[in-house]
Amino acid sequence: MIIKLLHIVILASVKYILTLPYAMIIGVEYKYAILAVLAGGIGGFLFFYYLSKPVNRGFNWLHPRVCAVVPNSMKLRFKSFCDRQKPKKKRRHFSRKNRFIVRVKTSYGFWGIIIATPVILTIPIGAFLANKYYGKRKHIVKYMIVSIVGWAGVLSGLIHLFPKVFF
């Protein structure tokens, strides 16, 4: 039983929406499943949220040093990586991923990231985006925890509406 609960906590910290139905399918008692999913979701968000700032700082510190050490014969292979440090006057070209992030940020903004993180974006990506774009906001952690608890309520309601699917 302990191993199942630990498995659910770890899964909820990464892919939140699938965890409660999965816990019901593998036969974990409902109250323990809810507690494990909430602990995993909130713990995973806090872990990835507070980990993303030092990772970003480390990458920004390491980036110019790696480009300085890379031999000229390999610089062609890592051209796009090393050219980011040089100031450019060219028009920016957005990749599909960058367009998606910009569209989510401009269209849905702060509340879109808060609401979509447990369900669509996954906990690690949502924590990274929240810290990167809205890290200076005062109550972002509280709002995200409320969102995680709210989605647990929605998933719990779905399980109660369709009990034959999960039991």
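Keep in mind that this is a model prediction, so the values were computed, not measured.
In terms of modelled atom types and a separation under 3.5 Å, the side chain of W61 and the main chain of N56 share no donor-acceptor contact. A donor-acceptor pair is defined here as one N or O able to donate and one able to accept, closer than 3.5 Å; such a pair exists between the side chain of K4 and the backbone of I26.
If you chain together hydrophobic residues whose side chains sit under 4.5 Å apart, I42 and Y50 fall into the same group. Linking ILVMFWY side-chain heavy atoms closer than 4.5 Å, directly or via other members, places V141 and V146 in two distinct hydrophobic clusters. Placement of L5 and L35 in two distinct hydrophobic clusters is found when ILVMFWY residues are connected by side-chain heavy-atom separations under 4.5 Å, directly or transitively. With hydrophobic clusters built from ILVMFWY side chains whose heavy atoms lie under 4.5 angstrom apart, I10 does not share a cluster with I123. No continuous path of ILVMFWY side-chain contacts below 4.5 Å connects V14 to Y22, so the two sit in separate hydrophobic clusters.
Rounding to the nearest 0.5 angstrom, the gap separating the OG atom in S147 from the CD1 atom in I113 is 11.5 Å. Atom CG in L121 sits 11.5 Å away from atom CD1 in I17 (nearest 0.5 Å). Taken from CD1 in I145 to CD1 in I140, the straight-line distance is 11.0 Å, to the nearest 0.5 Å. With rounding to the nearest 0.5 Å, the separation of NZ in K15 from CG in L11 is 10.0 Å. Note that CG of L20 and CD1 of I34 are 4.5 Å apart. Values are rounded to the nearest 0.5 Å. For the atom pair CG of L6 and CD1 of I2, the computed distance is 9.0 Å after rounding to the nearest 0.5 Å.
Within the structure, side chain to side chain donor-acceptor pair (under 3.5 Å) contacts touching residues 107-132 (residues at least two apart or in different chains) are S52-N131.
Considering only heavy atoms from C-beta on, Y16 comes within 4.5 Å of V37 through its side chain. Side-chain contact check for Y143 versus R137: every heavy-atom pair is 4.5 Å or farther apart.
In terms of heavy-atom proximity, I148 sits nearest to L38 at O-CD2, 4.2 Å. Summarising the geometry of F48 relative to S13, their closest heavy-atom pair is CE1-O, 3.6 Å, with the distance given to 0.1 Å. The two residues A36 and I8 make their nearest non-hydrogen contact at CB-CG2, 3.7 Å. Among all heavy-atom pairs drawn from W151 and P118, the shortest one is CD1-CG, 3.6 Å. The two residues V28 and A33 make their nearest non-hydrogen contact at CG1-N, 3.9 Å. What you find for A130 and Y49 is that their closest heavy atoms are C-CE1, 4.1 Å.
Sparse packing is recorded around CD1 of I3, with 12 or fewer heavy atoms of other residues, nucleotides or ligands lying under 6.0 Å away.
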Tell me, with the steps shown, if F110 and H139 meet ring pair (Phe, Tyr, Trp, His ring centres under 6.0 Å).
CA-CA 11 Å; F110 176 73; H139 301 292; 9.9 Å; no

